Every structure is written in structure tokens, then in C-alpha cells.
**Student:** 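What follows is a structure written as C-alpha cells; I'll ask about it next.
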Amino acid sequence: MHLSEQEIIRRKSLEEFAKLGINPYPADLFEVNASAREILENYERQKSDYRQISIAGRIMSRRIMGNASFAELQDETGRIQIYIKRDDLCPGDDKTLYNTVFKKLIDIGDIVGVKGYGFTTQTGEISIHVTSLTVLSKSLRPLPVVKETVDDKGNVTRHDAFTDPEQRYRMRYVDLVVNPHVRETFVKRTQLVNSMRQYLNAKGYLEVETPILQPLYGGAAARPFKTHHNTLDMTLYLRIANELYLKRLIVGGFNGVYEFSKDFRNEGMSRFHNPEFTQIELYVAYKDYHWMMELVEEMIERAALELHGKTQVKVGDKIIDFKRPWKRYTMFEAIQHFTGIDISEMDEEALKKTCNELQVPMDNTMGKGKLIDQIFGEKCEPHLIQPTFITDYPVEMSPLAKKHRSKPGLVERFEAICNSKEIANAFSELNDPIDQRQRFEEQLELGKRGDEEAMTLDEDFLRALEFGMPPTAGLGIGIDRLSMIMTNSPSIQDVLFFPQMKPENPVAHMTENDFESLGVRSDLVPILQKLGITSKAQLKEMKASKLFNDVCGLRKKMKLDNVKNPTMEEVEGWLK
RNA sequence: GACUCCGUAGCUCAGCUGGUAGAGCAAUUGACUCUUAAUCAAUGGGUCGAGAGUUCGAAUCUCUCCGGGGUCACCA
């Protein structure tokens with residue numbers, strides 16, 4: 001294993017700890033009675049409460065001045081400065097704990113527990129005067145060191161911030177330690193989910209769990225991930241939606257069911273797409289899509305209030321206001337509003353002509369519904385920044401939605417669009433089993449023509465509908481997309497702890513064992529590693545005389561005085 | 001999948017009309033008892049993402065590959 005200089009130094013500290021009889025990974029619990037934020041908030045008012053503070057966290061910076069030092073301790077709630085004075089930490093003659101343990105063996109990133117009392121420094125910072133220090137976990141890798149300066153106006157400048165997206169996503173644990181706003185984002189995401197859950201629970205709806213491994217995937221148009229069950233010897237799919245299972249539960253007599261579900265779609269990745277993502281789906285019996293719009297407005301307005309204390313949310317350079325009521329357009333109205341063209345009576349030919357006039361890209365495989373959607377996507381969606389309901393979609397694109405009660409060719413469906421992206425999708429659910437079977441069959445036709453995302457026919461779902469499903473309103477909300485808006489995050493990767501990434505390329509390295517199997521003495525291994533030898537094949541191609549020279553030369557350069565040079569015979573032996 | 005930009009020390013970055021790798025922070029050693037991007041002095045640290053090519057000579061030019069970002073396409 002290749003270690004950097006700093007890693008080697010930290011590992012050597014472990015040996016020093018052992019010599020001092022200190023376990024840098026103690027098993028004992030460490031009693032904590034305060035948090036950084038709590039102390040900073042309450043100390044001025046309640047000084048007497050902070051005479052015996054016990055707190056634990058990570059050392060984030062150190063300022064050592066001889067026999068006294070300041071350091072910053074970071075716990076879950078934030079950072080607090082600690083003050084360590086040699087003679088207060090070590091009242092007796094033995095100053096090892098200060099001189100050796102704190103000053104030499106503890107590094108930035110180490111996790112320690114301290115006990116002490118609160119005080120205010122001469123420059124006015126609330127701090128902890130440390131009387132006892134315990135190492136709780138030694139950190140063997142150097143943490144990125146991020147420093148901050150605050151100017152007169154209170155603007156914070158971060159120096160050397162840990163910003164490389166690849167590193168941040170691959171090592172989210174490091175990201176969370178050094179980038180406080182990242183923690184905030186994820187806390188907000190959880191608050192969002194909690195807010196919605198509480199809202200739905202208060203209405204008496206039941207949170208349920210349905211299968212992730214499904215023999216047939218359905219409920220959406222997407223390509224699935226495929227897997228195999230050995231015992232049953234059958235193909236299973238990771239769900240792309242849970243719609244059809246939740247509807248079965250409505251058939252079974254529940255009035256309201258919802259599920260926060262991880263869904264999986266085997267498609268392209270982008271700033272708005274991760275192969276696994278979270279949706280909430282909700283189904284309520286005896287309701288329709290008008291009713292559902294009210295619920296969505298109320299639920300999301302409430303979430304915004306709970307997260308931000310107001311209905312306005314800053315997203316990029318825009319302010320998005322979730323205050324009810326949201327604007328509503330039918331799809332035709334929206335298109336008329338943004339293009340001035342009324343397409344409501346147009347047939348396929350007229351729509352194609354309109355696409356050409358508007359310079360909306362299209363091709364001849366597109367049917368009426370797809371053309372309408374295309375115009376909407378090009379000409380309307382980019383302008384819909386404030387939350388807006390778009391209603392009444394073409395039937396061709398919505399095989400699970402009920403036909404519109406009065407407008408032929410349309411379904412009772414709405415999407416909520418916000419910041420030009422769909423955040424919610426809902427229908428009056430199709431509960432007519434005969435109609436549903438026809439729609440599935442149309443999908444099968446599309447599938448035969450090569451549409452990889454066409455829905456499959458789920459015979460058991462149809463059987464359930466044939467037993468009778470009450471009129472039902474159904475809803476799906478993309479939690480990741482909504483989280484992006486609520487946390488002002490430009491990429492979906494910023495609201496997923498561990499976004500999908502390609503695996504890291506393991507750098508080929510020969511281990512000590514690999515070298516020793518060739519007869520290389522262990523004390524010579526670092527020299528060969530330093531030479532950049534990463535494979536046996538590479539080594540075997542080298543000339544013995546050159547290798548001998550290189551090794552002896554490097555031994556001198558690396559100042560490995562107590563390592564004996566190999567003999568020429570030895571080197572020849574490695575290459576056999 | 002297409003286009004485009006990026007990959008140099010633990011972190012943030014400079015070096016790129018080819019000539020043996022630099023800075024700040026971090027680290028090491030020393031000084032310093034209220035500092036806060038602490039300060040001062042000294043020191044060490046790099047397969048310049050990987051491979052191949054051009055060349056006397058490549059971090060730098062060319063090609064291929066790997067990883068990442070962005071835009072587009074796909075994706076209700």
C-alpha cells in the first residue's frame with residue numbers, strides 16, 4: 001500500500017501512543033453533556049451551566065503558542081474553540097499529555113473528548129478552557145483544511161475549500177466533515193420528507209411498503225434494471241414505480257395509502273437523473289385530480305414554510321414562491337398563452353405544421369399526443385418558473401389515467417411544474433378495467449414497434465381492477481427534484497448522499513508480498529516502489545545492471561542508510 | 001450516446017510558444033501562555049490520471065484509454 005508522507009507520520013503516531021500506553025481507539029463510552037451550538041447560544045445567559053462541560057468532536061484547526069494553544073472542535077452542531085493551557089491540563093510534573101500527546105500526536109481530523117469550563121477570550125469568543133483531554137479516534141488520513149475569513153461586512157470567504165465534485169461525491173464523509181452547507185442540505189431533505197409524512201399521516205393515510213423486486217415492471221414508461229432470483233429461477237426487475245401495487249391496496253379497501261419509494265430506471269444520467277431516485281406516491285379513494293391539486297399545493301406550501309419559515313425559496317438567481325393558490329393552465333391554454341396559437345382543435349397534420357412554424361423539432365413517428373407534448377416542452381416549460389399546474393394531457397401519453405369527463409382525447413391529469421421541471425404528476429386514476437386493458441394493449445403495440453419504454457400488460461393488476469377499484473386520485477412527487485429546489489442545489493448529486501459513480505480505477509501497485517515472492521528483501525521494497533515498478537512484467541523487462549544501479553542510487557538518495565544494497569546476483573535472481 | 005472543458009503535493013491552484021516541477025494552506029523541527037486564514041525561522045513532500053508516439057529532451061505537442069464536470073440527446 002502506497003502511503004503519503006503525512007499518512008506515514010500519522011501511522012507512526014500510533015506507535016508513540018502505544019509506547020505511552022494510550023489506546024487511540026478506546027472502547028469506553030465518552031459522556032457528552034453539551035454541544036457546540038448550545039454552548040455558543042446559551043453561555044452568555046447561563047454561565048453557571050457551563051462549569052463542567054464534557055464535549056466530543058473532531059479537531060479542525062490548531063493554533064499552538066508554546067505552553068498554551070487554541071484549537072477548534074467540531075461536533076454535529078458546529079465548531080467551538082477550545083483553549084488548552086499546559087499547566088491546567090497537566091497540573092503535576094508530568095507534562096506529557098500536553099507536550100507530546102496534544103502538540104505532537106494529535107492532528108487535524110482526530111476525534112477527541114474534552115472536559116472543561118466555559119469562558120470568553122479577550123477577543124470575545126466563547127470558548128472551553130480544557131482541563132481534561134481524551135483521544136477517541138486517531139485519524140490516519142489528512143483532512144482537507146478549509147479556513148475561513150470574515151470581512152467587516154460579515155461576508156465569509158473560504159480558503160482552499162474542498163470543491164472537486166468527484167472527490168466530494170466519492171468521499172461524501174469528507175465532504176460532510178469540511179463543508180457545513182452539505183450537512184444543511186441533507187438535513188433539509190429529511191425535514192422535507194418528514195413534513196410531507198406528517199401532513200399525510202395527519203390526514204389518516206397509511207404509509208405502506210410494496211415490492212422493490214417485481215416480476216413485471218409497470219406504472220411508468222422507462223427501461224428497468226433486470227436481475228435474477230436463483231431459487232425461483234426467474235427474472236425480476238427493480239421497480240420503476242410502485243403505482244400498480246398501491247392501487248391494488250386501494251382495491252383492497254384502504255382509503256389512502258402512500259409510500260416513499262426508491263425507484264430505479266436504467267436510463268441516461270444527468271444533473272436531473274440518477275439511476276435510483278426517490279418518489280412519493282399517494283393514492284386516495286373517492287377523490288379526483290382537482291382535489292389532488294389542492295392537496296399538493298397545501299402540502300408543499302407547508303413544507304416550504306417549515307423549511308424556510310416563509311413560502312419563498314431562493315433557487316439560483318430566482319425566487320420561487322410556493323404560496324397558494326398556484327397558477328393553473330390546461331395544456332392547451334398554456335400553449336396558447338406562450339405561443340398565441342390555439343391547437344385544441346388541430347389534427348395531426350395541423351400540429352406538424354405548427355411544429356414547423358414554431359421551429360419545434362419533431363419527426364414523423366410522433367403521434368398527436370407526442371406532438372402536443374413536444375410543443376409544450378419546447379415553448380412552455382422553460383417559462384414556468386413559479387409553481388404551476390398544467391392539466392388535461394393527451395390520452396396517448398397517459399395509459400393509467402382516466403379519460404377526461406368532458407374533453408375527448410384528453411385525460412384527467414396534471415403536472416406541477418416548478419423551475420421548468422416537473423415536480424409532481426397526478427391523475428384521476430383509470431379504474432375501468434375494460435378501458436385499462438385496451439390501453440395496455442395499445443402499449444403492447446408500441447412495444448412491438450420497438451418502443452423500449454412501453455408498458456407491459458399486468459394481468460394481475462387487471463384482475464384487481466376487475467374486482468372493482470373506487471374512483472381514486474393518485475399522485476407522484478419526485479423527492480430529489482423537490483429537494484433540489486428546496487435546498488437551492490443545481491445538481492441531483494447534491495441531494496443524494498451517494499450519487500451513482502463509475503468505480504474508481506484501482507491504481508495498479510505491487511504489494512510487499514508480490515515483491516517478496518520474487519525474492520526481494522522487504523527493506524528494499526520501498527525503493528522498488530519508488531522506482532515506479534507496478535507489475536511483475538515491467539520488472540522482468542528490466543536489465544539487471546540498470547536495475548542494480550537504480551536501486552543502489554535510490555537507496556542513497558532516499559537516505560536509507562541502514563538498508564544494505566543488494567548484490568548483483570540478488571538482482572539477477574529477481575528477474576529470473 | 002454526441003460535443004466540450006478538466007485531471008500537477010493531503011487541499012486549493014500556478015507552470016503548458018517543449019529544457020530535470022512551484023506557491024499558499026497542511027506536514028516535520030524549533031521559538032512563542034488569549035490565538036482565530038495566529039505569527040516567526042528552517043526542512044521535507046510529486047508514478048504532473050494511464051499508455052503509446054513525435055523529439056537529443058514531454059507536465060507541456062499528437063493519438064488512444066480511464067475518471068470527472070458542463071451542454072445537448074435520451075428520459076412523463
Side-chain angles (χ1 to χ4, degrees), chain A residues 2-10 12 61-72 79 81-88 98 104 107-109 119-125 127 129 139-150 156-170 174 178 219-223 240-241 265-273 275 277 361 369-370 373 376-377 381 390 393-394 396-401 413 415 417 421-422 424-425 427 452-453 476 478 490-491 493 501-509 529-534 538 559:
Chain A
H2 179 261
L3 295 176
S4 71
E5 182 194 29
Q6 295 194 42
E7 288 173 299
I8 292 164
I9 289 166
R10 287 179 181 229
K12 281 193 179 140
S61 73
R62 298 192 304 159
R63 293 181 284 278
I64 295 173
M65 307 160 301
N67 294 332
S69 302
F70 289 93
E72 279 176 298
R79 289 188 189 186
Q81 178 170 263
I82 60 175
Y83 176 63
I84 304 182
K85 199 166 160 181
R86 184 191 66 191
D87 297 337
D88 292 343
Y98 183 79
K104 305 275 187 204
D107 294 295
I108 289 173
F119 78 110
T120 306
T121 64
Q122 283 172 13
T123 49
E125 180 162 348
S127 307
H129 193 124
S139 164
L140 295 182
R141 287 177 185 256
L143 205 60
V145 177
V146 182
K147 297 191 176 184
E148 292 182 351
T149 41
V150 184
V156 177
T157 310
R158 308 185 82 227
H159 304 271
D160 304 335
F162 181 61
T163 50
D164 178 1
E166 179 172 4
Q167 301 270 70
R168 288 184 46 223
Y169 301 146
R170 287 198 195 280
V174 175
V178 303
R223 278 179 286 162
I240 59 172
R265 295 186 185 177
N266 206 341
E267 291 171 343
M269 290 165 66
S270 79
R271 198 152 76 80
F272 295 100
H273 300 85
F277 65 103
K370 184 74 194 165
D373 189 61
F376 177 78
E381 221 168 38
I390 302 297
Y393 283 65
E396 295 89 334
M397 316 199 55
S398 315
L400 299 165
R413 170 179 176 182
E415 286 190 2
I417 314 263
K421 284 279 162 193
E422 172 205 337
N425 179 22
F427 333 129
E452 286 186 86
E453 289 168 350
S491 166
Q493 296 173 112
M501 304 279 273
K502 283 201 187 180
E504 287 176 86
N505 221 6
V507 181
H509 269 301
Q529 285 172 336
K530 185 88 180 172
L531 274 173
I533 294 168
T534 55
Q538 183 191 352
K559 295 178 188 148

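Chain A is the first sequence line, chain B the second, and so forth, proteins listed ahead of strands; every chain is numbered from 1. Just so it is clear, the values below take in all heavy atoms, side chains as well, and ignore hydrogens, waters and symmetry mates. No experiment lies behind these values; they were computed from the predicted model shown.
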**Student:** Could you check whether A:Arg413 gets within reach of a base, just the sugar-phosphate, or nothing at all, counting any heavy atom under 4.0 Å?
**Tutor:**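 Result for A:Arg413 = base.
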**Student:** Would one find a side-chain N or O of A:Gln493 under 4.0 angstrom from OP1 or OP2 of B:rG69?
**Tutor:**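 Answer yes for this pair, as a side-chain N or O of A:Gln493 is under 4.0 Å from OP1 or OP2.
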**Student:** Determine which nucleotide pairs with B:rA50, using a 3.5 Å limit on both distances of a Watson-Crick or G-U wobble pair.
**Tutor:**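 For B:rA50, the partner nucleotide comes out as B:rU64, under the 3.5 Å rule.
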**Student:** Establish, with yes or no, whether the OP1 or OP2 oxygen of B:rA27 is under 4.0 angstrom from a side-chain nitrogen or oxygen of A:Arg10.
**Tutor:**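 So the side chain of A:Arg10 is outside the cut-off, no N or O lying under 4.0 Å from OP1 or OP2 of B:rA27.
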**Student:** Any strand counts, and the cut-off is 3.5 Å on both contacts for Watson-Crick or G-U wobble. Which nucleotide pairs with B:rG19?
**Tutor:**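 Here B:rG19 is engaged in a pair, and the nucleotide opposite it is B:rC56.
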**Student:** Using a heavy-atom cut-off of under 4.0 Å over every strand shown, decide if A:Asp87 touches base, sugar-phosphate, or nothing.
**Tutor:**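 Here A:Asp87 touches the bases of the nucleic acid.
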**Student:** If you check every side-chain atom of A:Glu5, which of B:rU35, B:rG44, B:rA37 has the closest atom?
**Tutor:**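 Of all the options, the side chain of A:Glu5 is nearest to B:rG44.
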**Student:** Can you name the closest pair of heavy atoms from A:Glu267 and A:Ala221 and give their distance?
**Tutor:**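 Between these two residues, the closest heavy atoms are OE2-O, 4.3 Å.
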**Student:** Does B:rG67 have OP1 or OP2 sitting under 4.0 Å from an N or O in the side chain of A:Lys502?
**Tutor:**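 For B:rG67, OP1 or OP2 has a side-chain N or O of A:Lys502 closer than 4.0 Å.
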**Student:** Under a 3.5 Å cut-off for both contacts, is B:rA31 paired Watson-Crick or G-U wobble with anything, and if yes, with which nucleotide?
**Tutor:**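 Matched B:rA31 with B:rU39 under the 3.5 Å cut-off.
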**Student:** If the cut-off is 4.0 Å, is A:Arg170 near the phosphate of B:rG68, judged by side-chain N/O to OP1 or OP2?
**Tutor:**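 For B:rG68, OP1/OP2 do have a side-chain N/O of A:Arg170 under 4.0 Å.
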**Student:** Please tell me which of the listed nucleotides, B:rC11, B:rA27, B:rG68, lies nearest to the side chain of A:Asp160?
**Tutor:**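 Selected nucleotide: B:rC11.
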**Student:** Give one of base, sugar-phosphate or nothing for A:Lys421, where a contact means two heavy atoms less than 4.0 Å apart.
**Tutor:**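 No contact at all - A:Lys421 keeps every heavy atom at 4.0 Å or more from the nucleic acid.
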**Student:** For B:rA38, take OP1 and OP2 only and decide whether either is under 4.0 Å from a side-chain N or O of A:Arg63.
**Tutor:**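 So the side chain of A:Arg63 is within the cut-off, an N or O lying under 4.0 Å from OP1 or OP2 of B:rA38.
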**Student:** Measure from the side chain of A:Met65, starting at C-beta and using heavy atoms only, and say which of B:rU33, B:rA76, B:rA73 lies closest.
**Tutor:**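 Nucleotide nearest to A:Met65's side chain: B:rU33.
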**Student:** Partner lookup for B:rC3, please. Criteria are Watson-Crick or G-U wobble with both distances under 3.5 angstrom; report none if nothing qualifies.
**Tutor:**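 The answer is B:rG70, by the H-bond criterion.
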**Student:** Report the base-pairing partner of B:rC11 (Watson-Crick or G-U wobble, both distances below 3.5 angstrom), or none.
**Tutor:**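 B:rG24 is the nucleotide pairing with B:rC11.
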**Student:** Can you check nucleotides 41-43 of chain B for protein contacts, nitrogen or oxygen pairs under 3.5 Å, and list what you find?
**Tutor:**
none

**Student:** Any side-chain N or O of A:Lys147 under 4.0 Å from OP1/OP2 of B:rA38?
**Tutor:**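 So the side-chain polar atoms of A:Lys147 do come within 4.0 Å of the phosphate oxygens OP1 or OP2 of B:rA38, strictly under.
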